Protein chains: 2
Amino acid sequence: MLTGVIIMLTERQLIILQVIIDDFIDSARPVGSRALSKKANLPYSAATIRNEMADLEELGFLEKTHTSSGRVPSEKGYRYYVDHLIGPSTNPNEIRILEDIIQDGFFEFEQIVQMSAEVLSELTNYTSIILGPEMFETTLKQIQILPLSDHSAVAILVTNTGHVEHRSFTIPEKINSSDLEKMVNIMNERLKGVPIIKLQEVLHTEIALLMRMYIDDFEKSFDYLKAFIVTDNPVKLYIGGKSNILMQPEFNDVDKIRSFFTMMEKENELANILKNSKNGIEVTIGNENEVDAIKDLSLITASYHMAGDHMGTIALLGPTRMEYKKVISLMKGLSNEMTDAMYMWYRNDD
Amino acid sequence: MLTGVIIMLTERQLIILQVIIDDFIDSARPVGSRALSKKANLPYSAATIRNEMADLEELGFLEKTHTSSGRVPSEKGYRYYVDHLIGPSTNPNEIRILEDIIQDGFFEFEQIVQMSAEVLSELTNYTSIILGPEMFETTLKQIQILPLSDHSAVAILVTNTGHVEHRSFTIPEKINSSDLEKMVNIMNERLKGVPIIKLQEVLHTEIALLMRMYIDDFEKSFDYLKAFIVTDNPVKLYIGGKSNILMQPEFNDVDKIRSFFTMMEKENELANILKNSKNGIEVTIGNENEVDAIKDLSLITASYHMAGDHMGTIALLGPTRMEYKKVISLMKGLSNEMTDAMYMWYRNDD
DNA sequence: ATTAGCACTCAGGAGTTAAGAGTGCTAACA
DNA sequence: TGTTAGCACTCTTAACTCCTGAGTGCTAAT
């Protein structure tokens, strides 16, 4: 996001820019020179401030909504604000709530992610989106099939991270229940410890052959289980506080609300946006976003890690007029917590 | 909902009332006499229709939004419409989608409920709420504890209906892992087949004693597992298409949208409304609702059964201007499907 | 370099007007 | 006696005008 030319702003311009943005973030109303001149930390007259504002506008940091309105930060202004005007973030207290939950160790990682999404949205009134951990490191712990009745059973699959996937199914007449058992035994023997993402591969190369030898009418049963084991989408999306964003004054228009909600329903698209995010905290403001649907919003992403590898992404979606300072420190804190939580679950594989 | 006096309407009044309501449901705009007189099935002049409309208004079935507007059905009008003017419902084709899913038997009942909620909302553009099956008949099938590492494990609980509940936890230092195993064994032996809702009771009376005999440092471990087994809320609420309702023209106002969403967040309240619903299809229009929050909406509930017992409730929430005919037949169909689905899962207990 | 002063601009609310849709009533009609 | 045509009347809605207040840009004085 570096421009070729380094723009020099005077000390006073910096302060004024900062105050304007802070004020606008807080009030959502264009800020005028008169109001600014009254602020304690700005001992200049309205006229002086007007001049500075005109300069800042010329430089592209500010905009007017119409000729005689107060100034509003431009996207470039926000960008400068985020890059240079917000101090180092301090780990905020709010995060403690999550810290406790995570330390408890009582919840599965997935639940922690879900809660984090909700808490994050609750704290900010923006919409949070969390991309669940990718399953590179996740391995199969156990497959189990439990008959419920003559004709139905439930299959349960557990990973080393404590993730449980289950599905009920009816047992087709043709399938012999002892065959099923044999099959599950073979699978458990051979698939234990295999990474989830390689499951399908191993299933085809190693297991299929083996089974064909031992089991009558193998094909049918195999297809059946395969559908279950080769689980749907490996990465899950958790969305928190879709309706919290209605609190934001920029959503004062029914059409905006509608289009926001329709956008949030396209989970694939969202997932793609997040997948492309880089490591660390990343702030994307308005048109910096490549996806049209959020070109008038800001997106903040932070990733959490495992042994340096990118594992998942936390994101917060809100109006460009976002409380960047607060949000960034929150996200940093949360990303640390998540990384810790990852560690707790993944450290002792067997 | 019977009024003491039986109101007699002429044949023509009936037709006019019906056409007006149909038209308004369709267009969401007050309907005037001129437009009506042009309809093929109304061979009367605008003036005649005006007279009839005036009568219908006097009787309380119609209202005007202002002195010179067309007529709009009153709540009483809708009530009459629902009670007398919509013919017997035919099982609609749309339901087939669900039928297939259910017959497949591939999904757990809970998933079916979830999908039903979504499909129902999709088909109607209203918001669907489904109260999951109460667990009177549900019994415990198996408890399993699977160690993930030295310090963590996942507990899995399966019911006879194929419902799977799971929770990860860290194993406290003090607890001996073989003790855990013993405990689980005892539980499986004694709790298998016990109805979920009686789990806590049996746990205290029978099991506690037994365990104290066999296991060292029993108290700690026991508390731990109990928290898991005595599961949270026994009845779950599934909401589908919260944002579908934004398609309705009556939600053209940001405040209405906000208050709708805040209402939808109070799940307890919703659950209570649904719990009180009687058997069969029930339509509650506007102020007939006892809960303030939905006094300007209509709620349609239908219940599904098991051996005659009420098991759960399907509901649809939308504007009073609702497509009652379509919705009612959909709900009847769905409630039948759900009843069938219940039967499929519950028939072969062991 | 800063500031006071003043003319100018524009959004938004209040008031006005005109068009259109619909009604109620009366009188004519079958 | 039930139905219809006609007409005056009402009320909403959108467009237009007017006015005020907030805010600006520029110039001249400090």
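Every chain is numbered from 1, with letters handed out A, B, ... down the list of sequences. Because the structure is a prediction, the values reported are computed rather than measured.
Near DNA chain C, defined here as any heavy-atom distance below 4.0 Å, the residues from residues 10-24 of chain A are A:Arg12, listed numerically.
Applying the side-chain hydrogen bond (donor to acceptor under 3.5 Å, both in side chains) test to every pair with at least one member in residues 243-268 of chain B, sequence neighbours left out, gives these pairs: A:Ser243-B:Glu265, A:Glu265-B:Ser243, B:Ser121-B:Asn244, B:Gln248-B:Arg321, B:Glu250-B:Arg321.
Residues satisfying the ring pair (Phe, Tyr, Trp, His ring centres under 6.0 Å) criterion with B:Phe260, sequence neighbours excluded, are B:Phe251. Residues meeting the side chain to side chain contact (heavy atoms under 4.5 Å, CB included) test with B:Glu282, sequence neighbours left out: B:Ser277, B:Lys278, B:Thr301. The side-chain hydrogen bond (donor to acceptor under 3.5 Å, both in side chains) search around A:Ser298 returns A:Tyr324, not counting sequence neighbours.
Spacing between atom CD of A:Glu63 and atom C1' of D:dG23 amounts to 17 Å, rounded to whole angstrom units. Taking atom CD1 on B:Ile49 and atom P on D:dT3, their separation rounds to 11 Å, with Å as the unit. When the P atom of D:dT13 is taken as reference, atom CG of B:Asn252 falls 11 Å away, rounded to whole Å.
Contact annotation: the side chain of B:Tyr81 approaches that of B:Asp22 to within less than 4.5 Å [non-hydrogen atoms, C-beta and beyond]. Here the side chains of A:Ile314 and A:Leu131 are not in contact, with every heavy-atom distance at 4.5 Å or above. At least one side-chain heavy atom of B:Leu56 sits under 4.5 Å from a side-chain heavy atom of B:Leu9.
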Base contacts versus sugar-phosphate-only contacts with protein, heavy atoms under 4.0 Å: please encode nucleotides 11-27 of chain C as B, S and - from 5' to 3'. S---------BBBBB--

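Under the 4.0 Å criterion applied to side-chain N and carboxylate O atoms, B:Glu288 and B:Lys295 are not assigned as salt-bridge partners.
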